[in-house]
S.K.: 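Take this structure, written in structure tokens, and hold onto it; I'll ask about it next.
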Amino acid sequence: MVLDGAVGRAESTCTFGLSANGVGGSSLVVHPDGKTESVEVEPEERGAQYRRRLDLVPTFLADPAQAGVAGTEAVRSIDIIEPLHQSA
């Protein structure tokens, strides 16, 4: 994924979700004001982001103030991820 802005550019290589076509690691390179900087990305096991979200579900379900938060967050995540999968 590449993001271009007025004062720089960011390039990210990673695997979204549980794809069988994973790239085997993630990288992030930013180019602020014409310079190139690598940003350290901590390695994670594939699917770790989903496990973290699932770990929060019992907390959301037990807290009346959080009613609907898990569903809202799931929809937001899908809305972000779906276009990325479609563009790949």
Side-chain angles (χ1 to χ4, degrees):
M1 176 173 24
V2 176
L3 302 171
D4 285 306
V7 295
R9 175 185 182 107
E11 301 169 6
S12 174
T13 303
C14 60
T15 299
F16 289 101
L18 301 171
S19 172
N21 300 316
V23 295
S26 299
S27 68
L28 176 60
V29 178
V30 293
H31 305 276
D33 297 318
K35 300 176 205 142
T36 298
E37 300 174 14
S38 291
V39 177
E40 187 174 334
V41 179
E42 209 166 304
E44 282 191 321
E45 185 179 322
R46 191 170 297 167
Q49 69 274 34
Y50 295 112
R51 280 190 294 285
R52 280 195 301 276
R53 287 189 172 262
L54 288 173
D55 288 345
L56 295 174
V57 170
T59 302
F60 288 138
L61 294 175
D63 183 356
Q66 298 291 327
V69 171
T72 301
E73 285 295 314
V75 169
R76 187 174 83 83
S77 295
I78 291 168
D79 287 345
I80 292 168
I81 294 168
E82 202 168 55
L84 296 171
H85 279 274
Q86 291 173 355
S87 69

S.K.: Which heavy-atom pair separates Val29 from Ser38 by the least distance, and what is that distance?
M.R.: CG2-OG, 4.1 Å
S.K.: What pair of heavy atoms forms the shortest contact from Ala10 to Leu28, and how long is it?
M.R.: CB-CD1, 4.5 Å
S.K.: For Glu11, is there an ion pair with Arg9 - N to carboxylate O distance below 4.0 angstrom?
M.R.: yes
S.K.: Between Thr72 and Arg76, is any pair of side-chain heavy atoms under 4.5 Å apart?
M.R.: no
